[in-house]
Amino acid sequence: MSDKRPFYVTTPIYYVNDVPHVGHAYTSLACDAIARFKRLDGYDVHFLTGTDEHGQKIEKSSAAAGMGPQAYADKVSETFRSLVGTMGFSPDGFIRTTEARHRAACQALWEKLKAAGDIYEGKYAGWYAVRDEAFYAESETEKGPDGARRATASGAEVEWVEEPSYFFRLSAWGERLLAYYEANPRFIAPESRRNEVLSFVRSGLQDLSVSRTSFKWGVPVPGDPKHVMYVWLDALTNYITECGYPDTTHRLARFWPADLHVVGKDIIRFHTVYWPAFLMAAGVAPPRRVYAHGWWTNEGQKISKSLGNAIDPVALVGEYGLDQVRYFLLREVPFGADGDFNRRALIGRINSDLANAYGNLCQRTLSIVAKNCNGRVPARGPATEADEALLGRARSLLATLRDEFEEQALHRALIGLWETIADANRYVDAQAPWALAKTDPARRDTVLWVLMDAIRRVTLLVQPFMPGSTARILDQLGVPADKRDFAAFDVELPAGRELPTPSGVFPRHIEPKPAG
RNA sequence: GGGCCCGUAGUUCAGCGGUUAGAACGAGCCGCUCAUAACGGUUAUGUCGCAGGUUCGAAUCCUGCCGGGCCUACCA
């Protein structure tokens, strides 16, 4: 239906045992900026997010909440769905693992793996801690002086438990995975994560338990309904469920293989080892790229449930503004690295980068236009060297940003954009259009036109990061709605177009005076 | 234990073999007055973690040490 090139980007599906926090918001935000950039650049984008709703924890949490697991999942899934609105995300699909289409896809994938001989029946055995409701590897436990074995991390007593389970023959896929990494050097990013995965796979893979009989809340194993599929086989499959798997004629089938899975660094292995192994075993192409981002700390402190210092994105947006938060999260930390969330830095970004540099550039330019040019786009005259320098820089931005988005270097994209904003502010001072207004109105108009065009180009490219604010700026510049994608990057503003009265887009953030 | 990464101005970081080590924020001084008291110019501070080594030359390569982080499988 479209001859545009497809681009498929996904967030992980979020587990509904948790309430949304900045970590979730951050992953989705990065995907959102990427999806928006690609749409503006003419791709047919499919951006998928959703919720993971199966498993023992949901079964238990829902019972504790006095409701059925589906009702419970419905409720929590809804909080994730509402985050989409709060954060201004633009997903094209929202998938839930409890949907019938997902059950069908998981079962189809299972049958394929079974038929290929990559699934066999065995016995899952391990050290189980009742208190933690978790299995531990032998190396994660130790024997105490009383002879009882305990989980090293939690101190909970563990017991040896065995249950029947199906296994995926992951051990057979090590060499083929390494060959895939070798042939597709961009598959895992950033580089440091790739190294980790490589060394993990080289160290040898064990078969993977992919079913459980100890709980019911999951996708039943075809032909053996005592079992439900266990975590990753269920969760990861969502990415192809969306594309209609196993129906290759589905309207979204053309989006597979995914161009990009964005994940937190904690689940990189599942996406770069298990997932491509499952897919290759089933005869499906693996995704093109998996990018793992880092974690946020809160004012220098590790975020943890026990500290109760989770950051609520909804509160954040309420206090500082949506685009301000979006900008901060993507600008403050190199995408891929860990970062610290702190108020001083956030307020610094809001005031320095947004209010003083960008917002004020727009405001000072547009108010001179409003006062001197009768509120219309001025006409340009011959360009000077200084004009060409600024315009040349602004023109080169699109190509640069394309490269940076190819690498998910979102922070570098923003840095480059802001360098041009700084150039433009220097240009205003050097050209002093307020003085030209008295001596050389034609030259004044040229200067203002140059500024407006530089701002227009920068703003076009800032759209993926701050869609709301940039829309307002483009309105004030008189850029029509159909001239805001990158195809219109070189469509310059026609002189004489009437402009609305300018008004500030990025207010300074003034900290409320703390008591005492 | 094994593997990977990091330690550079007050702060966050760039630089990864070649003249006097850079940027941003913050601080001081000067200028401008179009603008959200915003903007521009300028000044300042660094034994580039420590100790050896390779080299004509090292923040940049090698070794050791100190300090910090991450990975080392079935919690999403």
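Being a predicted model, the structure only gives us computed values, none of them experimental.
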Next on the checklist: Over all strands shown, is A:Phe506 touching base, sugar-phosphate only, or nothing at heavy-atom distances under 4.0 angstrom?
Outcome noted: base
Item to check | Any donor-acceptor pair under 3.5 Å from A:Ser165 side chain to A:Ser209 backbone | outcome: no
Next on the checklist: Under a 4.0 Å threshold between the charged nitrogen and the carboxylate oxygen, would A:Arg96 count as salt-bridged to A:Asp52?
Outcome noted: no
Checklist entry - Taking the P atom of each, how far is B:C48 from B:A59, in whole Å? => result 8 Å
Checklist entry - For the residue pair A:Phe335 and A:Tyr291, is the inter-centroid distance of their aromatic rings smaller than 6.0 Å? => result yes
Checklist entry - Does NZ or CZ of A:Arg349 fall inside the cone over A:Tyr327's six-membered ring, less than 6.0 Å from its centre and within 45° of the axis? => result no
Checklist entry - Side-chain donor-acceptor pair under 3.5 Å between A:Ser211 and A:Tyr124, yes or no? => result no
Next on the checklist: What is the separation between atom OH on A:Tyr274 and atom C1' on B:C75, rounded to the nearest whole Å?
Outcome noted: 12 Å
Checklist entry - When you measure from every atom of RNA chain B, which of residues 441-448 of chain A have a heavy atom less than 4.0 Å away? => result none
Checklist entry - Less than 4.0 Å between a side-chain N and a carboxylate O, is that true for A:Arg343 and A:Glu299? => result no
Item to check | A:Tyr120 and A:Tyr166 aromatic centres sub-6.0 Å | outcome: no
Next on the checklist: Assess, by modelled atom type and distance only, whether the side chains of A:Thr97 and A:Glu53 contain a donor and an acceptor separated by less than 3.5 Å.
Outcome noted: no
Item to check | Rounded distance in Å - CD1 (A:Ile267) to C1' (B:C70) | outcome: 17 Å
Which atom pairs, one a donor and one an acceptor, fall under 3.5 Å between side chains of residues 469-476 of chain A and the rest of the protein, sequence neighbours left out?
from	atom 1	to	atom 2	distance (Å)
A:Ser469	OG	A:Asp323	OD2	2.5
A:Thr470	OG1	A:Met466	O	2.6
A:Thr470	OG1	A:Pro467	O	3.1
A:Arg472	NH2	A:Gly504	O	3.2
A:Asp475	OD1	A:Arg484	NH1	3.4
A:Asp475	OD1	A:Arg484	NH2	2.7
A:Gln476	OE1	A:Ser503	N	3.2
A:Gln476	NE2	A:Ser503	O	2.8

Checklist entry - Taking atom types as modelled and ignoring hydrogens, do the side chains of A:Gln431 and A:Arg443 form a donor-acceptor contact shorter than 3.5 angstrom? => result yes
Checklist entry - Nearest heavy-atom pair of A:Arg393 and A:Asp423: which atoms, and what distance? => result NH1-OD2, 2.8 Å
Review item, side-chain donor-acceptor pairs of residues 170-178 of chain A, under 3.5 Å, at least two apart:
from	atom 1	to	atom 2	distance (Å)
A:Ser171	OG	A:Asp207	OD1	2.6
A:Trp173	NE1	A:Asp118	OD1	3.0
A:Arg176	NH2	A:Ala172	O	3.1

Next on the checklist: What's the gap between B:A9 and B:G49 when it is taken at their C1' atoms, as a whole Å value?
Outcome noted: 15 Å
Checklist entry - With rounding to whole Å, what would you report as the distance between B:U55 and B:A44 at their P atoms? => result 37 Å
Checklist entry - Mind checking the C1' distance from B:G10 to B:U63? Whole angstroms is fine. => result 34 Å
Checklist entry - Just how far, in rounded Å, is P of B:C74 from NE2 of A:His54? => result 23 Å
Checklist entry - If a stem is a run of at least 3 consecutive Watson-Crick or G-U pairs, both distances under 3.5 Å, which stems include RNA chain B? => result B:1-7 with B:66-72, B:10-13 with B:22-25, B:27-31 with B:39-43, B:49-53 with B:61-65
Next on the checklist: Both conditions, 6.0 Å and 45 degrees, for the charged tip of A:Arg326 above the ring of A:Phe465: are they met here?
Outcome noted: no
Checklist entry - What interatomic distance, in whole Å, is found between P of B:G3 and the corresponding atom of B:U20? => result 38 Å
Checklist entry - Considering only side-chain heavy atoms of A:Ser199, which listed nucleotide, B:G3, B:U36, B:A73, is closest? => result B:G3
Item to check | side chain to side chain contact (heavy atoms under 4.5 Å, CB included) partners of A:Val161, counting only residues at least two apart | outcome: A:Tyr128, A:Phe135, A:Glu159
Checklist entry - If we take the P atom in both B:G18 and B:C61, what is their distance in whole Å? => result 11 Å
Checklist entry - Between B:A73 atom C1' and A:Phe167 atom CZ, what is the distance in whole Å? => result 12 Å
Checklist entry - Rounded to the nearest Å, what distance is computed from the CD1 atom of residue A:Ile268 to the P atom of nucleotide B:C71? => result 12 Å
Checklist entry - Any side-chain donor paired with an acceptor under 3.5 Å for A:Thr10 and A:His261? => result yes
Next on the checklist: Side chains of A:Gln70 and A:Asp74 only: does a donor on one sit below 3.5 Å from an acceptor on the other?
Outcome noted: yes
Item to check | Residue closer to the 5' end of RNA chain B, A:Cys362 versus A:Leu170 (nearest nucleotide) | outcome: A:Cys362
Checklist outcome for this item: In 5'-to-3' order, the base (B), backbone-only (S) or no-contact (-) status of each nucleotide in nucleotides 6-15 of chain B, using a 4.0 angstrom heavy-atom cut-off, is ----------
Item to check | B:G17 and B:A58, which share atom name C1', separated by this distance in whole Å | outcome: 6 Å
Next on the checklist: Looking only at the side chain of A:Arg508 (C-beta and beyond, no hydrogens), which of the listed nucleotides B:C74, B:G3, B:U36 gets closest?
Outcome noted: B:U36
Checklist entry - Toward the 5' end of RNA chain B, which comes first, A:Arg269 or A:Ser192, by nearest nucleotide? => result A:Ser192
Checklist entry - B:G57 and B:U19: how far apart are their C1' atoms, nearest whole angstrom? => result 11 Å
Checklist entry - Nearest-Å distance, CD (A:Glu191) to P (B:C71)? => result 18 Å
Next on the checklist: My understanding is that only residues two or more places apart in sequence, or in another chain, count here; which of them pass side chain to side chain donor-acceptor pair (under 3.5 Å) with A:His102?
Outcome noted: A:Asp234, A:Thr241
Checklist entry - Sequence neighbours excluded, which residues qualify as side chain to side chain contact (heavy atoms under 4.5 Å, CB included) partners of A:Lys114? => result A:Trp110, A:Ile119
Name the pairs: protein N/O against N/O of nucleotides 23-27 of chain B, kept only if under 3.5 Å.
none

Checklist entry - Under a 4.0 Å heavy-atom cut-off, which of residues 203-211 of chain A touch RNA chain B? => result A:Gly204, A:Leu205, A:Gln206, A:Leu208, A:Ser209
Item to check | Residues forming a side chain to side chain contact (heavy atoms under 4.5 Å, CB included) with A:Ser203, sequence neighbours excluded | outcome: none
Checklist entry - Roughly how many Å is it from NZ in A:Lys265 to P in B:U72, rounded to a whole number? => result 11 Å
Checklist outcome for this item: A correct 5'-to-3' footprint of nucleotides 29-34 of chain B, with B, S and - meaning base, sugar-phosphate only and no protein heavy atom under 4.0 Å, is --BSSB
Checklist entry - What integer distance in Å separates A:Arg194:CZ from B:C5:C1'? => result 16 Å
Checklist entry - Where the side chain of A:Asn360 meets the backbone of A:Ala357, is there a donor-acceptor pair that is under 3.5 Å apart? => result no
Checklist entry - NA contact type, A:Val16, heavy-atom cut-off 4.0 Å: base, sugar-phosphate, or nothing? => result nothing
